[in-house]
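This chain uses plain numbering: 1 for the first residue, then up along the sequence. Side chains included, hydrogens not; waters and symmetry mates left out as well; all remaining heavy atoms used. These figures come from a predicted structure and were not determined experimentally.
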Amino acid sequence: MTRVWKWNRPVTVREVLEDLQRERSIAYTTVMTVLDNLHQKGWVRREAEGRAYRYEAVSTRAAYAAALMNDAWSQSDNPAAALVAFFGMMSEEQRQALRDAMRIAQGPEAAESHETFARATEKQAENRDENPDEKADGKAGRNPDEKAGEKADENQGRNPEGIVAENPASAEGDPGR
């Protein structure tokens, strides 16, 4: 997929093969099988061109990455806590990219609230970096899901982004925790 995304146009097996052979030895049939598998899985579409096919990505690499993130996030039992933990792992460069993306996606009015949330997340990450034995709220050993629930209570069930967090009372009653 990397080669198909890189060129951002329909490609033939021969083109991919020649590009890959610059780095390593690989058989034509291997590349053909991989592209056929990608087609069967719905990752690429293909059109006949003479006796060969031209393969084109169904979606962009960015859309694929976004779908992976969305899938992982949606499987969390506490999405708000998962986002807080994810943001805490980001570098300053990644946080800036997130702020830029939010401005584009939400427009100028929403950007202000996103900035507030991003600054709070940055401060939390800085605190964690300065005090690695403590959590960002200064309470060592606490479950991040519990903290997210407490924060949701403080903000009447909403974080600065307006995302409804899980009800802490229901989390306490969940035997899976």
Spacing of OH belonging to Tyr28 relative to OG1 belonging to Thr33, to within rounding of 0.5 Å: 10.5 Å
Tyr55 and Val13, any side-chain heavy atoms less than 4.5 Å apart: yes
Sequence-distant partners of Asn37, side-chain hydrogen bond (donor to acceptor under 3.5 Å, both in side chains), two or more places apart: none
Min side-chain heavy-atom separation Leu35-Val4 under 4.5 Å: yes
Atom pair OG (Ser76) and CG (Asp71), whose distance is rounded to the nearest 0.5 Å: 12.0 Å
Min side-chain heavy-atom separation Glu56-Val44 under 4.5 Å: no
Qualifying ring pair (Phe, Tyr, Trp, His ring centres under 6.0 Å) pairs with a residue from residues 3-22, counting only residues at least two apart or across chains: Trp5-Tyr64
Spacing of Met32 atom CE and Tyr53 atom OH [to the nearest 0.5 Å]: 10.5 Å
Distance in Å, Leu20 CG paired with Thr2 OG1, rounded so as to fall on 0.5 Å steps: 9.5 Å
Arg9 side chain reached by Glu15 side chain, heavy atoms, under 4.5 Å: yes
Side-chain donor/acceptor of Trp43 to backbone N/O of Met1, under 3.5 Å: no
Close side-chain approach of Leu83 and Trp73, heavy atoms under 4.5 Å: yes
Rounded distance (nearest 0.5 Å) linking atom CZ of Arg54 with atom CZ of Arg46: 14.5 Å
Derivation of the side-chain contact (heavy atoms from CB on, under 4.5 Å) call for Leu38 and Lys41: CA-CA 5 Å; Leu38 290 169; Lys41 292 179 179 185; 5.6 Å; no
Glu47: partners by side-chain hydrogen bond (donor to acceptor under 3.5 Å, both in side chains), with sequence neighbours left out: none
Other residues, nucleotides, ligands: >12 heavy atoms within 6.0 Å of Glu93 CD: no
ILVMFWY cluster, Met69 and Met90 together (side-chain gap under 4.5 Å): yes
Side-chain heavy-atom pair Met89, Gln94 within 4.5 angstrom cut-off: no
Verdict with reasoning, Arg14 to Val31, per side-chain contact (heavy atoms from CB on, under 4.5 Å): CA-CA 8 Å; Arg14 176 76 49 203; Val31 177; over 6 Å; no
Donor-acceptor contact present, side-chain Thr30 to main-chain Ile26, <3.5 Å: no
Under-4.0 Å salt bridge between Arg3 and Glu18: no
